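Below: the structure, in structure tokens.
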Amino acid sequence: MKTLDTVLQEHRTFPPSQTFTEKARIDAAGLSALHAQAERDPVAFWAEQARELLLWRTPFTQTLDESRAPFVTWFADGELNLTESCLDRHLATHRRNKAALIWEGEPTERGVESRVLTYFELHREVCRAANALRTLGVKTGDRVVIYMPMIPELVIAVLACARLGATHSVIFGGFSAEAIRDRVQDAGATCVLTADGGYRRGKVIPLKQNVDEALHSCPGVKHVVVVSRVGCDVSMHAGRDHFWADLLRGQSAHCPAVAVPAEHPLFILYTSGTTGKPKGVVHSTGGYGTQVAYTTRHVFDLRDEDTYFCTADVGWITGHSYIAYGPLLHGATVLIYEGAPDTPHRGRLWEICERWGATILYTAPTAIRSFMRWGDEWPKRHDLSSLRLLGTVGEPINPAAWLWYHETIGQGRCPIVDTWWQTETGAIMVSPLPGATATKPGSCTQPLPGLSVEVIHKDGTRCQPGQGGFLVISRPWPSQLRTVWGDPERYRKTYFGDMFIDGKPVYFTGDGARLDEDGYLWVVGRVDDVLNVAGHRIGTAEVESALVSHPAVAEAAVVGRPDELKGQALVAFVTLRAGSAQRSDAPLSASEAAAEILRKHVVKEIGAIARPDEIRFTEALPKTRSGKIMRRLLREIACSGRARGDVTTLEDIAVLERLSAQHSDEE
Ligand code: WTA
């Protein structure tokens, strides 16, 4: 854990400004009181939150049941439909005709394209979509896959599924046909909601075509619904495919919400793990809704006057929790943007902030580093005085990016909430509260009241301030994943099989971290074989299995190396099959063609997000005597060109030497 111990420390602190604190929901004293209340009785604390924040059709009498841990339940005998909390309850208030969604499209050739849906309109569209899905036979318990661009229909589709009690599984639009196929099959989906295409950096992504390709081997899918977004030609399979507009025409604007038990799976979201097969992370309805509502309210200090702008895609957990559900649970106005931040110019986000008067901006460190590199002139062209709060998520933020965000975007005025959480945690776990916590650039500060996040040594003892260790969650929390879809044993083994406190299994996050002398948490990043490339989670094993699925590849090992912009870059070490066109003893320049073929292959198998930055051919991979690839050595080679440390378990030391030598030759 040496590397974890020696992370650069940033000593400056930024206390919340008086002007912010005066109006904030919670100040420092309020936060202490909330901590005290939660620690006295965490279970009662969450029960109170659940009752206060959500509408229940049948009130719960049970709170946490740990008797089958790590399979836990929260509020299990309660019943609800989350869309009633997101939509219906606002209709009887002043929010009825308040903007729920403000959407801006990417193309600007014919002027800025935007749509605003009030709560009344969003409710109506969700009901019509739900009724339409019902005519296709979609019902409670079915799985519906959603593969759409960032358009209002994506949010409508998610909520329409929830309205019926159908479990949604959103697939990010950057995934390939192959990735869709795997997820549709694993989830056992019967219906796919998509669009003809989506815009990205001025290009059209052929979404429907990808779905068609995927569905060749998905006989379980009976219906496909297609939103016309780009107007490109699509082939429609008679009987299976329907246009969204046709299907919704004439549907009633009323659709009774189906009350489901609190533990009913609201959604499955696939995420990368340490094996080649993505995990279907299953989230509940009541527990998930409770913690998402709680965190949205406190972390973003959300209020009615806010225009909340989250740049995440609904295809990721951030978009689920902090676009589709969290802000709507509070009747907030959510601003969403369809496209890339540099289309048609590098000031696009700032233009959007100015146009709609965004007050809260939630984005990722990798994006912030790009903005920094593009230069201050872009944000300087726009009036950003409406912003009052900034947030980050997805990876550790380096202090330089934090300071730039604070000064150039926040103009020194806006607190920054650095929020640590995961697909599996469902909602934010560790974060400052903007009116209460003094922040330190690069630290996500402290666990929120009610949550128990700790740093421990491998032997389960707690780390002392300054020591590096493993980040664990030592008590169940309401929005925790309930299982891995179809594979409960994988859930138990992956998350509760590694770390123990006093002999009791605790949830292991996969992250390394350290606490400083003030009890502030500094997350260093993943310590398992999961990489964080430009804020996207990528399992090295997944990329490896994509590479070896190419007939010319014998073996592959993928590691990360630090990258200034993306956080981490993907480096693949590949051995080719004997007799394949590309021989590894050929000079690297001659391998570029082969490398490009393999890159394209990975894009086809997984999607553009997993495209290796570097492919290096080698005769063999360094392995232990038991045949395990020594990734640590490969990482060192990828980072520095030299492998240090213990190599006595190497099967073939010459392999390592060759790899090291090859690296220095290239330099
Ligand atoms: C990393 C995204 C440091 C971490 C919501 C975690 C962070 C992984 C932060 C989860 C943060 C997320 N500081 N690291 N504020 N937020 N991470 O599932 O390594 O896409 O395990 O969820 O991102 O990524 P995921």
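Because the structure is a prediction, the values reported are computed rather than measured. Indexing begins at 1, ligand by ligand and atom by atom, following the structure's order.
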Looking only at protein heavy atoms, what sits closest to atom 13 (N) of ligand 1 is Glu395 O, 3.4 Å

For atom 24 (O) of ligand 1, which protein heavy atom lies nearest, and how many Å away is it? Arg537 CD, 3.4 Å

Which of the ligand 1 atoms, numbered from 1, are nearer than 4.0 Å to a heavy atom of Asn532: 1 (C), 23 (O)

May I ask you to check whether Tyr270 and Asp186 show a side-chain donor-acceptor distance below 3.5 Å? yes

If you measure from each non-hydrogen atom of Ile317 to ligand 1, which part falls under 4.0 Å: side chain, backbone, both or neither? side chain

Would you say the side chains of Trp404 and Thr408 form a donor-acceptor pair under 3.5 Å? yes

What is the nearest protein non-hydrogen atom to atom 3 (C) of ligand 1, stated with its residue, atom name and distance? Pro396 N, 3.1 Å

Compute the shortest N/O to N/O distance between Arg526 and ligand 1 and return yes if it is under 3.5 Å, no if not. yes

Aromatic ring proximity, centroids under 6.0 angstrom, His168 and His320: yes

For Thr419, the ligand 1 atoms whose distance to one of its heavy atoms is below 4.0 Å: 9 (C), 11 (C), 15 (N), 16 (N)

More than 12 non-hydrogen atoms from neighbouring residues, nucleotides or ligands closer than 6.0 Å to CD on Glu564, yes or no? no

Could you give me the CA-CA distance, side-chain angles and deciding distance for Thr437 and Thr445, then say whether side-chain hydrogen bond (donor to acceptor under 3.5 Å, both in side chains) is met? CA-CA 8 Å; Thr437 316; Thr445 77; 5.0 Å; no

Give the ring-plane orientation class for Trp74 versus Trp46, where under 30° counts as parallel, over 60° as perpendicular and anything between as tilted. perpendicular

Do Asp511 and ligand 1 have an N or O pair less than 3.5 Å apart? yes

Ring centres of Tyr288 and Phe267 under 6.0 Å apart? yes

No-hydrogen, no-angle side-chain donor-acceptor test under 3.5 Å, Trp522 and Asp516: yes

Look at the rings of Tyr362 and Phe300 and say which category their plane angle falls in: under 30° parallel, 30 to 60° tilted, over 60° perpendicular. perpendicular

Tell me whether Gly510 reaches ligand 1 (any heavy atom closer than 4.0 angstrom to a ligand atom). no

From the options Trp316, Trp420, Trp522, Trp421, select the one whose nearest heavy atom is closest to atom 5 (C) of ligand 1. Trp421

Atom indices of ligand 1 within 4.0 angstrom of Val523 heavy atoms, with elements: 3 (C), 14 (N)

Do any nitrogen or oxygen atoms of Thr392 lie less than 3.5 angstrom from nitrogen or oxygen atoms of ligand 1? no

Is the Phe508 to Phe496 ring centre distance short of 6.0 Å? no

Output the list of atoms in ligand 1 that are nearer than 4.0 Å to some heavy atom of Thr423, sorted by atom number. 18 (O), 20 (O), 22 (O), 25 (P)

Considering only heavy atoms of Asp418, which atoms of ligand 1 have at least one such atom less than 4.0 Å away? 11 (C), 13 (N), 15 (N)

Is there a nitrogen or oxygen of Gly394 sitting under 3.5 Å from a nitrogen or oxygen of ligand 1? yes

Using a 4.0 Å cutoff against the non-hydrogen atoms of Val393, which atoms of ligand 1 qualify? 5 (C)

